[in-house]
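Because only heavy atoms are used, hydrogens play no part in the values below, and waters and symmetry mates are left out as well, while side chains stay in.
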Amino acid sequence: MEHYLDNSATTKVSEKAAEKAFEIMTKTYGNPSSLHKMGMNAESELRLARKSVASRLGASDEEVFFTSGGTEANNLALFGAAYANARRSKKLVVSASEHSSVIEAAKRLETEGFEVCYISPRSDGKIHPEDVEAEVDSSTSLVSVMLVNNETGAINPVADIFEAAKGKNPSVICHTDAVQAFGKIEIKARRLKADLISVSAHKVHAPKGCGAIYIKKGVRLVSRQYGGEQEKKIRPGTEAMPSIAAFGAACGEFEINENYKKVSELNAYARERLGKIEGVVFNSPDDALPYVINISAGRVRSEIMLHFLEERGVYVSSGSACAKGKPSYVLSAMGIAKERADSALRISFSKYSTAEDIDALCDSIAQGLGVLAHR
């Protein structure tokens, strides 16, 4: 039996989302830009999907633009905002614990003459408003702080962070990567005080290859791509309708409060069982999003423990899937020692997770520490 606990990397596609993708591929397969009936039917599906995603962001339909995923949305936010405001300001303030699609974009902008100030999380894994506020000045064009950290589940107080940033510089653009928060907690763009929000489909039981960016009305971005009129030229190119329509269908299935309660109970059970295993320590803060638990398991390197668990049908990760096994800069930024970070495991739940999955995980980790620690 397989026990999948790597839902921060990707999720199982729901039946409704899969059915919608199949319907678009086999029935409503016209190009949304075509002027005939098949095209208009596809355009109708596009509008429905946009409305579904927008409603989950507390946004208007006109403020949501589809992308190929969270990475493209994050790249568009950073490069688009930086280039749009380059004449008046060339400073960005970015948290040091962001997803690689933000960190690498920021590093690239540094090579182009932009100044990037990286804000490290404190020992609680969170970015604090006063730390961001201290670095924002009249030359700052963008502040980017993720809502939920993809490795630890730490929830950043982005509304307070953005309020503090705009208090010092009202013209600063505020972006949050909400990929790991979307579908798990209620998100309202206005309450977050965000100008830009990135989300992804495959984290919410929809297919890979689709995401979206919320762009607050009046905020200007410079597009990273050139082509047709699709997505108001923000993201030209024929829309990936099977994935987009499935994304909309998945958003229509969100049962945030019900799933949050279920996952919180699973999280508590997992913490109770993991806490009894000698050598296991928690890297996630106590008040992290319950969908994620980051632990370090003794002195057994993550890769070795991962393969041990895999052999027993248990699937977790050592951190961000995009890192492909490289050491976690997120844990390092939190001040966690390298030896402890080297044994880190990320356990992540979904609405499909069960207590049996947790039992298999904990039994296998305990067994693994008993076997591997002495090699």
Side-chain angles (χ1 to χ4, degrees), residues 4-11 70 95-103 120-128 145-161 176-187 192 197-200 202-205 254 256-257 259-275 280-297 302 315-323 328-336 340-341 343-353 357-358 361-362 365:
Y4 185 78
L5 292 168
D6 195 18
N7 291 280
S8 287
T10 197
T11 56
S95 89
S97 51
E98 293 295 302
H99 185 269
S100 57
S101 58
V102 169
I103 295 294
S120 293
R122 297 191 188 179
S123 58
D124 60 3
K126 301 177 186 178
I127 304 297
H128 287 241
V145 179
M146 68 198 326
L147 182 50
V148 171
N149 185 267
N150 56 300
E151 292 193 32
T152 67
I155 304 172
N156 288 316
V158 297
D160 295 336
I161 291 170
T176 189
D177 172 353
V179 166
Q180 294 294 343
F182 190 58
K184 301 176 179 70
I185 56 177
E186 292 286 352
I187 295 177
L192 290 180
I197 303 174
S198 304
V199 296
S200 180
H202 76 103
K203 311 293 189 181
V204 295
H205 307 289
F254 286 0
I256 289 175
N257 293 334
N259 291 338
Y260 192 93
K261 182 176 183 296
K262 174 190 174 181
V263 171
S264 294
E265 292 171 354
L266 289 175
N267 181 290
Y269 179 57
R271 281 180 174 267
E272 179 186 1
R273 285 218 54 189
L274 288 165
V280 169
V281 294
F282 293 96
N283 299 320
S284 292
D286 292 338
D287 60 352
L289 187 76
Y291 283 80
V292 179
I293 302 177
N294 192 299
I295 65 169
S296 288
S302 304
Y315 303 99
V316 298
S317 68
S318 58
S320 172
C322 296
S328 170
Y329 60 82
V330 172
L331 298 182
S332 177
M334 288 172 59
I336 291 176
R340 176 171 155 187
S343 65
L345 300 174
R346 181 185 65 182
I347 304 150
S348 47
F349 308 108
S350 81
K351 63 182 181 181
Y352 298 122
S353 300
D357 295 330
I358 294 168
L361 168 76
C362 295
I365 287 177

(message) Do D6 and S348 have side chains that approach each other closer than 4.5 Å (heavy atoms only, starting at C-beta)?
(response) yes

(message) Among residues at least two apart in sequence or on other chains, which ones pass side chain to side chain donor-acceptor pair (under 3.5 Å) with R271?
(response) N267

(request) Measure the NZ-OG distance between K262 and S353 for me, rounded to the nearest 0.5 Å. (result) 6.5 Å

(request) Only counting residues at least two apart or in another chain, list the ones meeting ring-ring contact (aromatic ring centres under 6.0 Å, His included) with H205. (result) Y352

(request) State, with a plain yes or no, whether a side-chain heavy atom of V204 is found less than 4.5 Å away from one of V199. (result) no

(request) Sort and list the pairs that fulfil salt bridge (Lys or Arg N to Asp or Glu O under 4.0 Å) and have at least one residue in residues 177-187, not counting sequence neighbours. (result) none

(request) Please examine the side chains of V148 and I155, heavy atoms only from C-beta on, and report whether any two atoms are closer than 4.5 Å. (result) yes

(request) Measure from the side-chain N and O atoms of K203 to the backbone N and O of A9, and report whether any donor-acceptor pair falls under 3.5 Å. (result) yes

(message) List the residues meeting side chain to side chain donor-acceptor pair (under 3.5 Å) with S95, not counting sequence neighbours, and say none if there are none.
(response) E98

Can you give the donor-acceptor pairs under 3.5 Å from side chains of residues 281-290 to other protein atoms, not counting sequence neighbours?
residue : atom : partner : partner atom : Å
N283    : OD1  : R340    : NE           : 2.8
N283    : OD1  : R340    : NH2          : 2.8
N283    : ND2  : N294    : OD1          : 2.9
N283    : ND2  : I295    : O            : 3.4
N283    : ND2  : S296    : OG           : 3.0
S284    : OG   : T152    : O            : 2.6
S284    : OG   : N294    : N            : 2.7
D287    : OD1  : K126    : NZ           : 3.4
D287    : OD2  : K126    : NZ           : 2.5

(message) So S97 and I127, do their side chains get closer than 4.5 Å, heavy atoms only?
(response) yes

(message) What I'd like to find out is whether the side chain of Y329 reaches to under 4.5 Å of the side chain of I103, using heavy atoms alone.
(response) yes

(request) Verify side chain to side chain contact (heavy atoms under 4.5 Å, CB included) between M146 and N156, making sure each step is shown before the conclusion. (result) CA-CA 7 Å; M146 68 198 326; N156 288 316; 3.8 Å; yes

(request) Quick one: pull up CG in L266 and NZ in K261 and give me the separation to the nearest 0.5 Å. (result) 10.5 Å

(request) Flag the pair V179 / N150 as yes when at least one side-chain heavy-atom distance between them is below 4.5 Å, and no otherwise. (result) no

(request) Locate the shortest heavy-atom distance separating I187 from A178; write the atom from each residue and the value. (result) CD1-CB, 3.9 Å

(message) Once ring-ring contact (aromatic ring centres under 6.0 Å, His included) is applied, do any residues pair with F182, and if so which ones, sequence neighbours excluded?
(response) F254

(request) Using a 4.5 Å cut-off on heavy atoms from C-beta on, say whether the side chain of I185 contacts that of L147. (result) yes

(request) Determine whether T11 and Y4 make a side-chain contact, defined as any pair of heavy atoms from C-beta on separated by less than 4.5 Å. (result) no

(message) Testing S302, S328, S8 one by one against R346 for a side-chain contact (heavy atoms from CB on, under 4.5 Å), which residue passes?
(response) S8

(request) Can you measure from CG (N7) to CD (Q180) and round to the nearest 0.5 angstrom? (result) 9.5 Å

(message) Quick check for you: to the nearest 0.5 Å, what is the distance between L345 atom CG and S317 atom OG?
(response) 8.0 Å

(request) Find the distance between OH (Y315) and CG (L5) and round it off to the nearest 0.5 Å. (result) 11.5 Å

(request) Please assess I161 against T176 for the test side chain to side chain contact (heavy atoms under 4.5 Å, CB included), listing each intermediate value before the final yes or no. (result) CA-CA 11 Å; I161 291 170; T176 189; over 6 Å; no

(request) Output the distance between atom CG (L274) and atom CD1 (I293), rounded to the nearest 0.5 Å. (result) 6.0 Å

